[in-house]
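A short worksheet on the structure shown next.
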Amino acid sequence: MKIIDNVITKFQKSEKIKWIDISQIKVDEEFKSIFPQKDADVQKIVESMKTTKGYDSTFPIILTKGVPGIPDKTIVDGHTRLLSSKIAGIEKLAFLEKSFKSRADIIAFIYRTQMARRNLTEQEQYAYFQKMAGLKKENGKQLKTDQQIADELEISRRQISKFKEVEKKSDPETLESFKAGEISLNAAYQKIKSKESETKKTQAPTVSRPAKKTYMDGYTDGIKYAIKELSNGKSAETLLTELAREASHE
């Protein structure tokens, strides 16, 4: 995945960094849970903060400003740094304020900043697809098209189609294994296709063919025909003449 523009760096150049008391920062659980704070990363930052005895202003956190339905000073980038600061006992953090149109825009921003720093796993891509697919416009239509989601994640439209099939057709165990990172997207997708192939084989209709007649079947039919004709009053001589005529035409 190619590295996209570092939106944080560009934003920093146009905005003035401020300082805020850590107690004034608000946390939205949905934003916080998008990328869980890893213990190893937290510990590394805590040790760095203790060494420098303060918060490095070159890495400001990003807080909201003027977003409908979202309290001002809600953190959207820097959750790991915030947690590390609390553990290290730091009381003031450097921050920048940023306005967004909606919650969906914030979620998209969080993913873009992470893509600028690293490659997202298939599970993280799937989580973003789920969030975006679940957001609707006022008219009830999906907020972002599948192609727009694919473009934002820098993946193919086919990848989005696989996400949708795995989500819809996988058995619970397969889906959970994929979401937990135990199997790849392709592995989950192939399990679906294998099951569909087996289902088609078992449901294929069987074509019944008429039994092939044997010599004895024809002989028996001939006897039955002769007895019937004789019982209907036809003479043996007439019957033999007819049979001879039929034989001559074969």
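Just so it is clear, the model here is predicted, and its values are computed rather than measured. Heavy-atom basis, side chains included; hydrogens, waters and symmetry copies ignored.
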Output yes when a side-chain donor or acceptor of Q37 lies under 3.5 Å from a complementary backbone atom of F35, and no otherwise.
-> yes
Check ion pair R112-E152 (N to O, under 4.0 angstrom) = no
Counting only N and O atoms by type, is there a donor-acceptor contact under 3.5 Å from the side chain of Q123 to the main-chain atoms of F178?
-> yes
For D39 and Q43, test the side chains for any donor-to-acceptor distance below 3.5 angstrom and give the result as yes or no.
-> no
Any I22 side-chain heavy atom under 4.5 Å of I90 side chain | no
SB check D171 K195 (cutoff 4.0 Å) = yes
Under 3.5 Å donor-acceptor, Q125 side chain and Q159 backbone | no
Look at the side chain of E124 and the backbone N and O of T121, then say whether any donor-acceptor pair between them is shorter than 3.5 Å.
-> yes
State plainly whether the residues D77 and K98 are in salt-bridge range, i.e. N to O under 4.0 Å.
-> no
Taking all non-hydrogen atoms of both residues, which atom of R157 and which atom of D146 are closest, and how far apart?
-> NH2-OD2, 3.3 Å
Side-chain donor-acceptor contact under 3.5 Å, R81 with S85 | no
Derivation and outcome, side chain to side chain donor-acceptor pair (under 3.5 Å), residues S99 and K65 = CA-CA 5 Å; S99 297; K65 178 179 66 174; 4.8 Å; no
Between the main-chain N or O of E167 and the side-chain N or O of S170, is there a donor-acceptor pair closer than 3.5 Å?
-> no
Answer yes or no: is there a donor N or O on one side and an acceptor on the other, between the side chain of T113 and the main chain of F109, under 3.5 Å?
-> yes
Does a side chain donor of either S184 or N186 reach within less than 3.5 Å of an acceptor in the other side chain?
-> no
Using only heavy-atom distances, determine whether the side chains of Y126 and Q130 contain a donor-acceptor pair under 3.5 Å.
-> yes
Stepwise, does the salt bridge (charged side-chain N to carboxylate O under 4.0 Å, His left out) test hold for D72 with K26?
-> CA-CA 8 Å; D72 285 353; K26 299 176 180 64; over 6 Å; no
Spell out, as yes or no, whether a donor-acceptor pair under 3.5 Å connects the side chain of S197 to the backbone of K193.
-> no
With a 4.5 Å limit on heavy-atom distance, are the side chains of K162 and E165 in contact?
-> no
Spell out, as yes or no, whether a donor-acceptor pair under 3.5 Å connects the side chain of Q148 to the backbone of T145.
-> yes
Side-chain (Y111) to main-chain (Y128) donor-acceptor, under 3.5 angstrom = yes
Without swapping roles, check the side chain of T64 against the backbone of V67 for a donor-acceptor pair under 3.5 Å.
-> no
